[in-house]
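In what follows, every chain begins at residue 1, and chains take the letters A, B, ... in the order their sequences are listed.
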Amino acid sequence: MDPLKLPRQEFADALGKISSRLGLAEVPEIEKTRRYGYFSARFHKYKIDPTRLRDAVEELSNAGFQYISGLSAEGLYVNAGLNARRLGELVFEAVAKMGRRYGFTEECRLGSFLVEHTSANPIHPLHIGHGRNAILGDSLARLLRFCDNRVEVHFYVDDCGVQVMYATIGYNAVRDEAREWIERAKPDLVVGHIYSATNAVAEIGRLKKEVERAQDDEHKRSLIGEIDEWVAVLKRLMESEGDLVAKVVERLGQRDVAGEAVELNRRYEVGDPEAKRAVREVVDLVLRGQRETLARLGIEIDKWDYESELAVWSGEASRIVEELQRKWPQYVEHKGGAVVFRADKFVEDFKLWDVLDLPKFIPPVTLTRSDGTTLYVTRDVAYALWQARQGFDKVVRVISTEQTHEQAHVRIILYALGFEDAAKKIVHYAYEMVNLPGMKMSARRGRYISLDEILDEAAERSASLVKEKSPEIAGVIAEKVGVGSVRYAFLSTSPRKPIEFRWEVVLNLRQNSGTFLQYTYVRAYSILEKAPDVERASVPERMLEEEKELLVKIAEWPSVVREAVRALRPDYVAEYLDGLALLFNSYYEKAPVLKAEEGVREFRIALVNAVKTVLEAGFYILGIPTLTKM
RNA sequence: GGGCCCGUGGCUCAGCCUGGUAGAGCGGCGGCCUUCGGAGCCGUAGGUCGUGGGUUCAAAUCCCACCGGGCCCGCCA
């Protein structure tokens with residue numbers, strides 16, 4: 001139910017009559033205006049005389065409108081306000097009927113969705129970059145579910161590739177110690193450190209060999225420069241995780257880690273049982289930790305899709321390579337055993353830019369290594385195909401903009417293989433990076449701030465503000481405030497903009513924050529806690545300006561939800577809730593509810609209840625925990 | 001060099017899709033705790049919407065060029 005539907009309809013009818021009186025072939029669109037009421041329409045493009053427009057409007061203005069008021073012509077504009085009293089009745093009726101579902105309208109039911117998000121490599125903890133992905137993806141899923149769409153959330157476990165092998169080799173080298181550490185710390189943190197150290201050792205080893213083979217001095221110098229960088233990485237890791245890193249260096253320093261990883265990767269891909277056992281042990285340890293972090297944020301995953309199973313052991317990735325070679329030999333090149341698909345030429349020849357919504361520049365894509373093992377993009381095509389076959393209308397993949405080209409490759413290859421529908425139902429939901437001031441995060445270099453760290457810090461800062469006496473409850477509240485502030489911080493910025501990570505923004509506990517919203521909810525809640533139940537509130541003849549504004553704001557909620565779900569933009573909801581909270585807090589200071597005279601009191605209670613209802617729905621969508629005291 | 005995205009008060013950002021009086025927050029300054037919870041509220045200062053052109057009765061919004069920033073252009077994921 002949308003309280004603005006009838007008023008909008010009434011205004012549209014009036015416009016229709018005006019247009020026909022003027023002999024126009026069409027009716028202008030309705031716009032929102034703040035200057036002259038609420039609805040507005042322009043007649044500029046019909047080149048009519050303003051006097052005629054005014055006359056036509058005047059003929060109508062006595063027609064006895066129910067929901068709109070003050071229909072008038074202003075130059076070539078036709079404006080009308082809302083009948084606040086009638087709107088109030090519509091709002092109360094909708095809130096009473098819909099309850100927590102208020103905001104839902106039929107138009108926001110769009111179909112069924114497979115939403116894939118987070119999909120972090122299972123070799124380190126989730127960091128703040130994954131945080132943006134997870135929170136965006138989760139809110140997208142919540143928004144779609146609020147709108148009664150079938151949604152299934154998937155996490156793609158990238159358990160293939162050389163990086164995973166580094167983590168496995170490192171873990172096995174320090175296995176006994178690692179198990180002890182894991183008893184005291186989260187497994188993903190421990191493995192993450194082992195991985196970064198192992199990766200550094202492997203890079204140093206690989207680069208040293210290259211130096212020996214290097215011919216000219218300049219090349220040598222640049223290689224040595226790279227070695228220095230990795231040595232610096234190791235040193236820094238040593239500062240924070242000394243024992244663990246030292247052990248990794250001690251046990252692996254003399255081994256050919258890079259070579260071993262390539263070999264282990266090959267064995268894993270062919271399904272060697274020993275390789276499987278070793279890799280899965282590490283991967284599942286990390287996933288346990290990642291899942292714990294996600295749970296803290298209120299994020300649940302429905303299905304965990306293992307890359308190895310769906311793409312490699314199933315033979316799907318290989319089939320894709322073979323099929324592509326069979327079907328389009330003229331677009332396939334072989335480079336020292338590696339298979340390359342000329343996606344650039346393919347797109348050019350078949351003019352696919354518009355069909356698949358592609359960027360103008362597409363590079364060629366390598367599908368296999370020379371040792372025959374698959375590459376990420378190839379496995380991803382196999383996975384995308386699998387996703388497309390799960391019976392959903394759309395597959396929304398939340399993946400950072402870095403992967404624009406790779407995601408374009410996925411669609412192009414699916415298209416080339418004849419899976420045109422699959423290619424079209426895959427949506428790359430791109431979001432921008434989270435950057436640390438002055439640097440890019442890098443898990444390989446152990447350069448990141450983990451999500452757990454942020455959540456801990458957020459909880460700690462809010463704990464100092466909690467007024468609750470019992471420390472136990474204070475801890476619970478603080479955690480929820482922390483989660484709310486972190487989620488809001490990531491959701492309130494458009495996904496298209498890079499975020500410069502700043503503690504004081506993420507942990508902002510004041511206005512334009514999750515905390516501000518939670519606090520507003522607590523205020524509304526505690527009024528209602530003390531208030532009698534109101535069955536049916538009538539809307540008074542005279543209202544405060546703030547009350548009219550609040551009613552309009554609340555009435556707009558269904559259209560905000562509609563816009564947000566249509567554009568897949570949870571941030572619209574965040575912005576709306578902030579505006580609602582600002583309005584409500586002003587109102588709160590100005591108008592006593594419980595102490596108001598009879599009649600007005602019931603109206604105000606119902607109004608506060610409507611605000612609370614919208615906040616609850618909005619909190620559900622944004623995943624902000626609801627608190628009744630803080 | 002090419003592709004995609006971004007550029008709005010001192011700072012962080014919304015508004016751009018679908019053109020119609022420039023909006024929040026932070027920070028600054030000045031106020032409000034015997035009133036339903038002050039993690040709040042009120043007031044105030046602060047903007048040629050990166051620059052130049054074009055389309056239009058009308059441009060932050062659409063088009064073109066340029067400038068500045070981010071990301072990508074791997075037998076990494």
query = Are OP1 or OP2 of A14(B) and a side-chain N or O of K497(A) less than 4.0 angstrom apart?
reply = yes

Sugar-phosphate, base or nothing in reach of [X], heavy atoms under 4.0 Å:
X: D578(A); value: sugar-phosphate
X: R601(A); value: nothing
X: R566(A); value: base
X: S586(A); value: sugar-phosphate
X: R502(A); value: sugar-phosphate

query = Which way is the base of C33(B) turned, syn or anti, if we draw the line at 90° from 0?
reply = syn

task = Look through every strand shown and name the nucleotide pairing with G1(B) as Watson-Crick or G-U wobble, where both distances are under 3.5 Å.
result = C73(B)

key: Backbone of D305(A) reached by a side-chain donor or acceptor of H154(A) within 3.5 Å   = no

task = Give a yes or no on whether the backbone of G205(A) and the side-chain of K209(A) come within a donor-acceptor separation of less than 3.5 Å.
result = no

Could you state the [atom1]-[atom2] distance from [X] to [N], rounded to the nearest angstrom?
X: F341(A); N: C73(B); atom1: CZ; atom2: P; result: 19 Å
X: E575(A); N: G25(B); atom1: CD; atom2: C1'; result: 11 Å
X: L582(A); N: G40(B); atom1: CG; atom2: P; result: 10 Å

